[in-house]
Every structure is written in structure tokens, then in C-alpha cells.
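One structure is given below, encoded as C-alpha cells.
In what follows, every heavy atom counts, from backbone to side chain, and hydrogens, waters and symmetry copies are set aside. The chains referred to below are lettered A, B, ... by the order of the sequence lines, with proteins before strands, and numbering in each begins at 1.
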Amino acid sequence: MAQISTKQKFLSLIEDVEIVARELFELMSTPKGQQRADAPEQGELIQLLIKKDKDIKETLKLASEQGKVQVVIDELKAEVDKRDMDIKILQKNLKEAENILSTALFQAKEKLTAIEQANNKKISSEELIKYAHRISASNAVAAPPTWAPGDPRRPYPTDFEMRSGCLAKMSDIPASTQTSQTQGTYTDSTSTRQSSVQMSDHMLQTQSSHHSTSSLSWQPSSDNTVGHLASGSHHPLSDMRGHNKENEEVELMSTDSSSSSSSDE
Amino acid sequence: MTSSAKKMTSQRVSGGNLTETEDQQRLRFQIELEFIQCLANPNYLNFLAQRGYFKDPCFINYLKYLQYWKDPKYAKYLKYPQSLHFLDLMQYEHFRKELVNAQCAKFIDDQQLLHWQHYQRKRVQLLNAQAEQSEKAKESKPS
């Protein structure tokens, strides 16, 4: 049930006192003959006034008690607020700790996987150094310090080297496609390697006249070799034919490359 | 060269005789080692592209098969380790198609050469910088 607040009770009492006092004054100021019909008696009014005064005093006491209680309430509220702040700070710290722990955990997991990976693929450092020496000493991955445009050395096997390898030997290159005209090459060691002759890059211009004759002379030998192949499909035939032209056009392309790559961009 | 390699594999697989003698294995190892390193030569790749070798599914499968050279116990025999990178690129059809152009091959060749010279250039720059520094130090000393 909604109770009337003390303040309103007070105000209404004061108004009542005001009204009663006014009635009293009115009663006393007018002579007996001029009073209204329903005018209250003097005695009644004074009794009413005394009663109202008592009510006011009671309400005052109530109000002072309420004030004390209010002070206690305020104190308790302040305590509650302080505790709330403490909880908030603790919550923030907890969150920070959680973040730090999760990142630490993540990094630790990554480290563990890296360790496992490293342990699975162990290579001795000596082996690595040997390999590094091997690929660097032959200038396969780093250019020699004296390299200038026009130097035929390359970071990949040149067609000269390709033809002197066992891959080319396996393909039964007949001597007819190879001429005995070798010019001085930069790598003298390879010229002494085999009896079958190698083409140097500069030879190409003179070769162009030989192309037609050499391809013709190649045809019969390729037909013979077809019979030797285990698989009877026509692929090997085309491969052999392709291989004939390979030698010629490898020479062609090597000049292109040497002329174009001499421009050091 | 490619024909001989294919001959080897076709003999090995379709000839009905699946076992190899040790000599044959040794030879195949050598051949495949040479072939995979030849792939580092962009001019050779262009040559193969223009001959239509890249259209042959046998050849493409062979390239896929050659990826075993990436294993360390095989890779340590490679003199030109960049050929493994080219082998990877060769697995993509787009790259194989592009290689038919001579300009593509020339571009790759130029880039390879520049990269090859990179270490030397860096070293020369470093030495020059050091020489300059020592010269400056010498100049400041007498004063």
C-alpha cells in the first residue's frame, strides 16, 4: 500500500493548522450576531488546534528517526560502491592474465611443433656445409666474381654440358649430325672428355647450311631404332625424330640465348 | 634427351618386366638426375614446349613422378637446386602453356642471371661501402 511520505504529511498538517487558525481569527473578529450558520465553536477549534499541534510534534520525531536511518543507508551504499570497484578491478586483472596465458600457450604450442618438425628432419651441419660448398664452388648458384656479359657460363646446365652428359649418349646421337669443327671454348676440360664431338655456341651460323642434309641423313637411322623399342606405339618414333631436330635447334636456340643474354639488364 | 628418358620409363613399366637390375637402376638414376637439372635451363624448357612435349600426358605424369627429387636424400645430389623450383612450376599447366613463347623463356633466363649475380653484386656493394668508410676515417684522422 502506498504510504504518504512524511514530507506530505507535514505539509498537510501545516495547511490544516493554517485553516483552523484562520477560522479562529474569523470567529473572534466578528461579533456574535454576524457569524455564519455553520461556523464552528471556539472550543472545538481550539481542540482541533491542539490536536494538530500534537500531530506535528509526532511527525517531527518520525522525520528525525528517518533521517538517522537515511545516514546509515548512505554509508552502506558507499561500502557497496567500494566493493563494486574492487570486483571490477579484479575482473580486469583476470582478463589480462587470461590473455597473457593464452598467447603464451599458443607460442609454446608453435615452438613444440617446430621442435618436432626439426627433430623429424635432421641433417648434420657438416653435410649441409659440404653441400653448400659443392653448389657454390661450381658457380651453380652464385655467379663467379669475374663474370661479364658474353661469358658462356650460366646458372643452369648449358646445352654444351647437356650434350656431353650421359642422357645425350643414351639417345644414340650418330656422328653425322656432329661436325668436327670445335672452336676454342671457355671450358677446355670438356673438349677432351669424349671422342664424339660437341658443338660450341658460336658454331651455329655455319650449321644452318647443314640442317637440311643432316635431318635427311638421320631419317633412316631413326627407323632402325624404332624396332628396338619395347613399346610399339608411335610415340617413340616421333620422340626420336623430335630428338634429331632437338640437336639442331638446341644449337639454334643457344645462339639466340647467348646473343640475347649478353645484354646485362 | 626426353625420348631416352621416356624410353627408360616405358620399358620399365609397360615392357611387362617390372624388376630392374642394379645397373639399370643406376643408369636410370643418372639419367633422371641429368634430366631434372636440365629443367633449370629455360631455353631447354622453351624447346620442349615448342616441340609439343608438354601436351603429352605421359610426359606430364613423368614430371609429377620426378618430384621425388625433393626428398633430401635425393636432393643432395643436385648440383643445380633451382631445378626443383622449376619442377614445381612445371606442374602447373599455365606455366607450361606460357613457355611456348620465346619471350617468356628469355624473361626467365634474364631473371635467373640477375638472381645468380645478386650475391656477387651485394658483396661488391658492401666492399665499396667499407672502403668509403675507411677513407672517411683516414681523412678525419689527420685533421
With a 4.0 Å cut-off, would you call [X] and [Y] a salt bridge?
X: A:Glu96; Y: A:Lys92; value: no
X: B:Glu132; Y: B:Lys136; value: no
X: A:Arg163; Y: A:Asp159; value: yes
X: B:Lys106; Y: B:Asp110; value: yes
X: B:Asp23; Y: B:Arg26; value: yes

B:Leu78 versus chain A, heavy atoms under 4.5 Å apart: side chain, backbone, both or neither? both
Relative to chain A, which segment of B:Gln82 carries a heavy atom at a distance below 4.5 Å: side chain, backbone, both, or neither? side chain
Suppose a student defines contact as a heavy atom less than 4.5 Å from any heavy atom of chain B. Which residues in residues 134-145 of chain A would they list? A:Arg134, A:Ile135, A:Ser138, A:Asn139, A:Ala140, A:Val141, A:Ala142, A:Ala143, A:Pro144, A:Pro145
Could you tell me whether the side chain of A:Ser164 and the main chain of A:Phe160 form a donor-acceptor pair under 3.5 Å? yes
Please check this pair: side chain of B:Gln91 against backbone of B:Leu87, looking for a donor-acceptor N/O pair closer than 3.5 Å. yes
How are the rings of B:Trp69 and B:Phe29 set to each other: parallel, tilted or perpendicular (split at 30° and 60°)? tilted
B:Tyr62 and B:Phe59 aromatic ring geometry - parallel, tilted or perpendicular at 30°/60° bounds: tilted
Donor on one side chain, acceptor on other, B:Glu32 and B:Tyr65, under 3.5 Å: yes
Verify whether one side chain among A:Tyr156 and B:Asp109 offers a donor that lies under 3.5 Å from an acceptor in the other. yes
Mark yes when over 12 heavy atoms from residues, nucleotides or ligands other than B:Tyr77 sit less than 6.0 Å from its OH; otherwise mark no. no
Within residues 93-104 of chain B, the residues sitting under 4.5 Å from chain A by heavy atom, in sequence order, are none
Heavy atoms only, distances under 4.5 angstrom: which of [options] has the most pairs with chain A? Name it, please.
options: B:Gly52, B:Pro81, B:Pro72; result: B:Pro81
options: B:His115, B:Lys76, B:Gln30, B:Arg123; result: B:Lys76
options: B:Ser83, B:Pro42, B:Ala105; result: B:Pro42
options: B:Tyr80, B:Phe86, B:Tyr119; result: B:Tyr80

